[in-house]
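Everything quoted here is computed from the prediction, not taken from an experiment.
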Amino acid sequence: MENEKLILTEEWDKTFPKSDKVNHRKITFHNRYGITLVADLYEPKNSTGKLPAVAVCGPFGAVKEQSSGLYAQTLAERGFLTIAFDPSFTGESGGMPRYVASPDINTEDFSSAVDCLSVMENVDPERIGILGICGWGGMALNASANDTRIKATVASTMYDMTRVNARGYFDSMDADARYELRKALNAQRTEDYKNGSYQLGGGVIDPLPEDAPFYVKDYYDYYKTNRGYHKRSLNSNCGWNTTSALSFMNMPILAYSDEIRSAVLVIHGEKAHSRYFSEDAFKKLKGDNKELLIIPDAVHTDLYDRMDIIPFDKIESFFRENLK
């Protein structure tokens with residue numbers, strides 16, 4: 001395993017209040033690449049026996065103190081043992097260089113979370129699910145296509161990060177545009193190597209231009225305000241390494257999603273700019289244990305933290321039905 005010394009925050013620094021219905025503690029586990037991941041573990045108070053468990057991650061560029069922690073804590077209130085983890089190279093998790101993303105390693109992060117849950121004394125290894133938000137919704141589907149230990153998957157307000165990097169928003173990029181982008185990113189690789197450091201792509205734009213598209217305003221409203229800002233969040237601050245986009249352009253993550261045999265629930269907002277990712281991903285899924293739920297009037301970030309909009313009753317019943 002890596003020898004990197006990790007610093008774990010002791011205080012409660014989440015974007016949501018701490019629940020008095022769950023026990024909380026920090027844990028660490030490692031993935032197959034030797035990277036140590038840090039997670040918040042949420043456990044129902046006074047629970048006994050072996051529990052169903054859910055690993056939660058996302059959104060893409062967020063940390064476990066934001067949306068994923070809220071989901072994890074809420075599901076723990078409802079009787080599940082949950083962990084919300086920081087992906088490799090981000091947040092409190094290890095991995096160098098910092099702020100790089102990978103369709104392979106980030107999919108592996110979900111499976112390593114399943115490794116961790118599978119050996120816990122108070123977890124039933126036959127009742128483990130995962131929940132991915134935004135870009136980690138796509139990673140969750142990719143993990144479920146590969147990892148037969150995952151018995152149920154929820155993808156909330158999903159992005160296919162390989163599609164959006166390769167084709168642009170709303171599939172606006174053609175092969176010529178991709179070629180020009182590849183040229184620019186590979187030129188940046190040379191500069192990064194020469195400089196011994198990595199250019200950051202920048203988080204959500206700030207200050208917000210008046211003519212910004214709605215989806216940019218939507219992200220600003222979450223990541224750049226008291227609602228969702230966190231000092232370790234890439235989207236709230238300086239963003240990913242620019243060249244991270246290269247591997248996503250070259251490796252589509254949902255190639256085998258039609259082979260997922262376990263249960264899948266895909267949730268998206270009716271008015272989200274990203275709705276097409278979930279609808280197209282759902283079309284590829286097979287079997288009568290797959291479901292698409294569209295939330296009326298909701299936009300993309302409503303499913304990050306709006307407790308009156310996120311369908312936790314449905315998510316709970318889905319996991320109860322499929323983790324039994």
Checklist line | Charged N-O contact under 4.0 Å between Arg78 and Glu316 | finding: yes

Note to self: Given Asp13, which partner from the list Arg232, Lys64, Lys18 fulfils the salt bridge (Lys or Arg N to Asp or Glu O under 4.0 Å) test?
What the structure shows: Arg232

Note to self: Tell me if the centroids of the rings in Tyr222 and Tyr229 come within less than 6.0 Å of each other.
What the structure shows: no

Item checked: Donor-acceptor under 3.5 Å (Glu92 side chain, Thr9 main chain) -> yes

Margin query: Does any part of the side chain of Ile133, heavy atoms only, come nearer than 4.5 Å to the side chain of Thr157, both counted from C-beta?
Written below: yes

Check: Parallel, tilted or perpendicular for Tyr276 and Phe170, by the 30°/60° rule?
Finding: tilted

Check: Hey, is Asp115 close enough to Arg149 for a salt bridge, meaning N to O under 4.0 Å?
Finding: yes

Notebook entry, point to check: Does a side-chain N-to-carboxylate-O contact under 4.0 Å join Arg275 and Glu279?
Noted result: yes

Margin query: If the threshold is 4.0 Å, N to carboxylate O, is there a salt bridge linking Arg189 and Asp192?
Written below: no

Next item on the list: Measure the acute angle between the ring planes of Tyr219 and Tyr223, then classify it against the limits of 30° and 60° as parallel, tilted or perpendicular.
Entry: tilted

Next item on the list: Group every Ile, Leu, Val, Met, Phe, Trp and Tyr by side-chain heavy-atom contacts under 4.5 Å, then state whether Met139 and Tyr33 land in the same group.
Entry: yes

Note to self: Can a donor-acceptor pair be found, under 3.5 Å and without considering hydrogens, that links the side chain of Asn235 to the backbone of Phe60?
What the structure shows: yes

Margin query: One thing to verify: whether Arg163 and Asp171 come together as a salt bridge, which I'm taking to mean a side-chain N less than 4.0 angstrom from a carboxylate O.
Written below: yes

Note to self: I want to know whether Tyr159 and His273 have ring centres closer than 6.0 Å.
What the structure shows: yes

